[in-house]
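Comments concern the structure below.
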Amino acid sequence: MTELSKQYDPRTVEPRSTERWLEAKAFAAAPKAGVTPYVIMMPLPNVTGALHMGHAIDNVMQDLLIRWHRMMGDNALWMAGTDHAGIGTQAVVEKRLFELEGKTRHDLGREALVQRIWEWKGQYQERIVRQQQAMGCSCDWDRQRFTMDAMCARSVRRMFFAMFRDGLIYQGHRLVNWDCQLQTAVADDELYKKAVQGHFWHLRYPVIDPQPGEPTHIVVATTRPETMLGDTAVACHPDPAAALTAATEQARAKLDAAPAKERDEAAAELERLQERAKTHLPQLQTIAAMARNGRQIMLPLQERTIPILLDEWAKPELGSGCVKITPAHDPNDYDVWQRHRDEIDAINVLEADGKMSAAAGADYAGLDRFAARKRVVADLDARGLLDRVEDRTIEIDHSDRSKTIIEPLLSKQWFVRMGDVEGGVLMGRGTEREFRAPGLAQAAIDACDPSWRSASGRQVAFHPDDRYRRTYIAWLAEKRDWCISRQLWWGHQIPVWRGEVQRQQLLILEGLVQPWLSRDDVTAWLALPDGRRLEPTAAFAALREDESIARADVLVCFRDEGPEAEVAPMLRAAGLEPDPDVLDTWFSSALWPHSTLGWPDPATAELDPGQSPVAAIGDAPDCLSYFYPGSCLVTARDIITLWVARMVLAGLYNLGDVPFTDVFIHANILDGKGERMSKSKGNGIDPVDIIERYGADAMRYVLCELQTGTQDVKLPVQVDSPFSNQPVDLAKAKHGRSIFTYLCPETGKEFDVIGTVDGVPKANPYSERFEIGRNFCNKLWNSARFALLNLEGVPFAPRARADLALEDRWILSRLSRARDEVQRQLEAYNPSAALNAARDFFWNELCDWYLELIKPRLRDGAERGQAQQLLATVLDQILRLLHPFVPFVTEEIWGQLRAAAPTRGVDRALPDAELVIRAAWPEARPDWVDADAERTLEQVHDVVTAAREIRARYQVAPSQRVPVVLVAPADRRATLEGAATTLIGRMCGAESVELTDQAPRGKDAATAVVGDVEIFVPGVVDVEAERRKLEKQREQLTARIGGIDKKLANEGFVAKAPPAVVERERQNLAGLRTQLEALEETLRALGDGD
RNA sequence: GGGCGAGUAGCUCAGUUGGUUAGAGCGCCUGCUUUACACGCAGGAUGUCGGCGGUUCGAGUCCGUCCUCGCCCACCA
């Protein structure tokens, strides 16, 4: 037997456990007919950088579930991998390229830049995997995937093709959030708001040929004057009087309901609106009338006539009451345009790089938008067309990736139709679970409706409560089309050839391409200038029929790469080009739960070297049919809409079934200030820093303990300053030059907590909260050490419960209950409660009581064997219960325990396994529950605690044995006699324990009363102190008795409370009265000597 | 503006369908090199359950209202 060191050292133990697991391929999962699979798909970390504590809690929760299910006998697969994170990764690499080499992506070119990004990806993927392995993540590393590897790429292409064929993917002009720096569209959730000091310019647009009584100018206001160059109208409300009245009424209602402190503000608002009816309304009505008469405005600088539109978007209560309309650069104006398509156009005055386009006019084209803004303002001012300028703080959208201001821009993008479609959408085409859904979003909504079931009987449920189901549904219910194109270089290129082809060319080509276009694995659409979108056959027919059709936009999508390559030269010759855009990252991550399993066809899926096969082998089914649908998706709530919803709809669309049945939403990790840890905020800390200091188990223990409900977790972070060596609280410290650096409060010098800033010393962050976990591991280690020191020659013999000692029956009873509680809480997705149940049993019952109780037996020849056997068994069981939480230390101890006690068990041998990771989860043992033993031990506990309190009060040295006299009524004495008395003596350092019905004579005894038992410790004195203590206790007792008396005297209580509750109160009262009697008896005994 | 959540011991948090004296860990106080563990052991102190009002025999728990904090969504010419 190896001697265990006195202090647990995770640095030596953790690598050893890891090695054992990897060597035994303990994380690997392969399809096996007849065994239930349990599958978790890891939320893919982005390869933009290293993991922080937010990822750690996510990974630890998954590992907890996976290890638990593995022990329960499920075939547990945890699929790991990383996400290429298109825009994020490209932005990081581009930024470095510029900082280190002063180059832009255009200097490098597409191919070279992508090559750079692959290198970056390799580096970070490796780091991420190292971090996860350090945490103990038991992923099947031989199945690790990347969203851009061959297997996943094929799936992406397949889904795109299917959706394109089904008409669910279309190309359209839409207003998108444009990042002028990265020159790509970005999603709404990739934006953040930032308050910027700006201005509000009021511009005067001349009315053409004003009539008497009509205004000569219409005033409109904007924060972005340069966009006026793209104005195509001015709008006015069709019924300004009614709208203003409505607004006034609303303001009045608000004033009536306003709380005191908002009253003034509400009153002022009401007054302002009432005033407006006089100042603005007449003119607005005039303008509305002018609009009806088709009067025109002269757009200054452009010298273009534009109409006055009547549209409700123009609010009479705001600004001048009129609003300029720039459909190509403002979302609301875009909507106005949609309502007035036949009256106005959209003019795009911006280029992709943020410079003004030719459409802005010769004076402005080529100017950066901010320079153009100044120029436009100056030019208008020079013409006397600038009414006034206000200073204003404006909340402006910024791009999360480039940190630059976003411009709304009209551009051509690819979309997935989320809404309902005429005739519905065929989900799971060609599978046995095929069904028809109204639309993609609706299908995903239905999937978590409790009344819905897929053909496999599955649906999606959220945990720990269904609060987040509402988030999910609310988002999907908008059914907003999903913009899937990004103008990036890093990602899955959109597999479409497109081009504008002239009529003549098309007709020449028809014969050539038609055979191709009629194939199953090719889909083409031809968009005619009149807006019709037709299949090739219909389109060619239309072309022949109508000679006025001059050209068509041709879009061709190939299902597979091979045929595409074959036809490519022909397509090129016809003037088609591959679409340069790439797909939104979420398009590929939506497929993660099945693309990683080889969909659409595991038999032909392409693997990276060394990876486990996904195809069927012999009798074993293939991975896709065996592991899909998966079990549980573990994630933080911010990703519900972005990812969870899209995985559900992609799974339903491709396979006709949900990707998982449960979604476990865990807490977010916040820093000491209460802000969410994230890479971009710079407040994330590397789990490896914590592991190095406290151990991985300690970190896992604390993260599990913190995972209570959905309460977010604050994790105050400190570092020791590399300059003063003093602890620095990062929540209070000032930042240095970057968000990753801080200033030492003593010296004012700068240090770095991540290690990214050159020339600044690195300080390792830590958090004292993890000491709890470290202490726990040490306790576990030492309890095992104690056991192992005492297990030499441990026998195994089946033992009947009747033959066991009182404390043995007690600990088995408590173990049985603890096991059930851990199980119950894990099933309820409550890791904290599960861990605490295991902890409380282990620490408070096993260590504090059982180990102490059996120490004498371990030294006693006759009783030693049984005590050893029980000790080995209980240790075995607690190691199994704790393994999913703290895998490393339990694995190490398990090895030692098996060496010392090859067979463990009480009535029969427990199932054994070489590694605890593969050991069977403790089975329920209701037959071990022993209510009598529990009651007796509870009394022993109470008496011992009281006796110890006496010892502490009189500062009796631990080594000093004292006599203890227990005075109790006959029935109580019957319980405490024998074994219990022995245990009491053992636990409170008694010289002797006397059980009697007679208080000892003399008053030189310290006393305590527990229930109906009086405790005397003769020989320690301070009669007055004793009396005071007992009198205080009597006072409290009397008060409580009074309270219950009153309650029971209350007719309402007796009549209306459940009988069981009333009965309990009566019992309680009786108990308290007995206790009071005993107390008074003790007081009398004290008084005897007076 | 709409929605969701939180407020319990000095700190971080539990507290099941209302029902004994509201709990844990950390911290604090006292004592202890008790043969596994001082990262430990034994003992102890600590609460206007955010405020007010209501329902109820009974409220930390249910309802109303107000205060404070956080998050999500929408909008901002």
Side-chain angles (χ1 to χ4, degrees), chain A residues 4 6-8 188 200-203 220-224 227 234-235 259 313-315 318-326 330-333 394-395 467-468 470-471 474-475 478 637-638 640-641 668 670 674-676 694 698 702 705-706 708-716 768-769 771-790 828 830 832-833 836 839-840 847-848 851-852 855 859 945 948-953 955-959 988-989 1036 1039-1040 1043-1044 1047 1050-1058 1060-1062 1064-1065 1067-1069 1071-1072:
Chain A
L4 300 183
K6 200 169 169 180
Q7 213 169 60
Y8 174 57
D188 289 345
F200 205 39
W201 285 274
H202 296 254
L203 316 180
V220 293
T222 179
T223 55
R224 295 178 299 152
T227 62
V234 164
W313 164 239
K315 308 283 183 225
L318 292 175
S320 69
C322 291
V323 58
K324 66 195 267 304
I325 302 297
T326 324
D330 182 280
N332 294 302
D333 296 359
I394 315 158
E395 293 276 314
R467 186 159 94 216
Y468 295 109
R470 291 199 288 271
T471 313
W475 186 80
E478 290 185 32
R637 60 179 173 272
D638 52 323
I640 292 172
T641 53
N668 282 322
L670 313 177
E675 289 179 39
R676 203 162 81 86
Y694 303 97
V702 171
E705 201 194 30
L706 289 173
T708 55
T710 43
Q711 180 77 314
D712 284 347
V713 189
K714 248 190 239 175
L715 202 65
E768 285 170 3
R769 311 256 331 233
E771 287 176 8
I772 297 162
R774 182 199 59 188
N775 296 355
F776 176 83
C777 293
N778 191 57
K779 184 76 177 176
L780 183 57
W781 181 255
N782 274 292
S783 65
R785 205 173 133 235
F786 169 79
L788 293 165
L789 288 169
N790 285 285
N830 196 343
S832 177
N836 279 324
R839 188 214 101 100
D840 289 349
C847 291
D848 289 352
L851 293 187
E852 296 303 325
K855 274 180 183 174
R859 289 185 216 113
T945 305
R948 282 170 174 175
E949 195 269 329
I950 293 173
R951 296 187 64 124
R953 191 147 36 98
Q955 306 205 354
V956 177
S959 53
C988 60
Q1036 287 170 343
R1040 281 183 54 203
I1044 299 177
K1047 205 176 199 177
N1050 181 339
E1051 280 175 34
F1053 176 69
V1054 180
K1056 293 183 185 172
V1061 172
V1062 178
R1064 197 163 60 219
E1065 288 296 335
Q1067 301 260 335
N1068 197 3
L1069 182 65
L1072 290 173

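Per chain, numbering begins at 1; letters A, B, ... match sequence-line order.
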### Message
Looking at B:A14, I'd like to know if its phosphate oxygens (OP1 or OP2) sit under 4.0 Å from a side-chain N or O belonging to A:Thr708.
### Response
yes

### Query
For B:G70, which nucleotide in any strand shown is its Watson-Crick or wobble partner with both distances under 3.5 Å?
B:C4

### Task
Go through B:G19, B:A38, B:G43 for me and flag the one nearest to the A:Glu949 side chain.
B:G43

### Task
Identify whether any heavy atom of A:Thr223 sits under 4.0 Å from a base atom; if not, whether one sits that close to sugar-phosphate; answer base, sugar-phosphate or nothing.
sugar-phosphate

### Query
Contact class for A:Pro716 vs. all strands (heavy atom < 4.0 Å): base, sugar-phosphate, or nothing?
nothing

### Message
Would the base of B:C39 count as contacting A:Gln7 through its side chain, where contact means a donor and an acceptor less than 3.5 Å apart?
### Response
yes

### B:C41 pairs with, by Watson-Crick or G-U criteria that keep both distances under 3.5 Å
B:G31

### Query
So, is A:Asn778 close to the B:G40 phosphate, meaning a side-chain N or O under 4.0 Å from OP1 or OP2?
no

### Polar side chain donor-acceptor pair, A:Arg785 to A:Asn782, under 3.5 angstrom
yes

### Message
From C-beta outward on A:Ile772, which listed nucleotide comes closest to its side chain: B:G25, B:G19, B:A36?
### Response
B:G25

#### Entry: Sugar-phosphate only, base, or nothing, as touched by A:Asn1050 at under 4.0 Å among non-hydrogen atoms
sugar-phosphate

### Query
Between A:Asp848 and A:Asn830, who's closer to the 5' end of RNA chain B by nearest nucleotide?
A:Asn830

### Task
Counting Watson-Crick and G-U wobble pairs only, both distances under 3.5 Å, name the nucleotide matched with B:G25, or none.
B:C11

### Message
How close do A:Arg1040 and A:Asn1068 get, counting heavy atoms only, and between which atoms?
### Response
NH2-OD1, 4.3 Å

### Query
Counting only side-chain N and O atoms of A:Lys855, is one of them less than 4.0 Å from OP1 or OP2 of B:A36?
yes

#### Entry: Given B:A38, B:G40, B:A42, the nucleotide with the shortest approach to the side chain of A:Lys6
B:A38

#### Entry: Nucleotide nearest A:Arg470 (side chain, heavy atoms from C-beta), chosen from B:C4, B:C37, B:G19
B:C4

### Task
Using a 4.0 Å heavy-atom cut-off across all strands, classify A:Thr471 as base, sugar-phosphate, or nothing.
nothing

### Query
For the pair made of CG in A:Asn775 and C1' in B:C41, what is the distance, rounded to whole Å?
14 Å

### Message
My understanding is that a pair needs two contacts under 3.5 Å, Watson-Crick or G-U wobble. By that rule, which nucleotide pairs with B:C52?
### Response
B:G64

### Task
Identify which nucleotide among B:C75, B:A36, B:U20 has an atom closest to any side-chain atom of A:Trp313, counting heavy atoms from C-beta outward.
B:C75

## Note on the structure
Winner on side-chain proximity to A:Asn782, out of B:G43, B:A36, B:G40, is B:A36

### Query
With a non-hydrogen cut-off below 4.0 angstrom, is A:Phe200 in contact with a base, only sugar-phosphate, or nothing?
sugar-phosphate

## Note on the structure
As its Watson-Crick or G-U partner within any shown strand, both distances under 3.5 Å, B:G58 has none

### Query
Taking only side-chain nitrogens and oxygens of A:Arg769, does any of them come within less than 4.0 Å of OP1 or OP2 of B:U12?
no

### Task
Would you mind telling me which of B:C37, B:C39, B:G31 lies closest to the side-chain atoms of A:Arg774?
B:C39

### Query
Heavy atoms, side chains only, cut-off 4.5 Å: are A:Asp330 and A:Lys324 in contact?
no

### Message
I want to check one thing: is the phosphate of B:C37, taken as OP1 and OP2, less than 4.0 Å away from some side-chain N or O of A:Lys779?
### Response
no

### Message
Is there, by distance only and without an angle test, a donor paired with an acceptor across the side chain of A:Arg1040 and the base of B:U21 below 3.5 Å?
### Response
yes

### Task
Give one of base, sugar-phosphate or nothing for A:Gln955, where a contact means two heavy atoms less than 4.0 Å apart.
sugar-phosphate

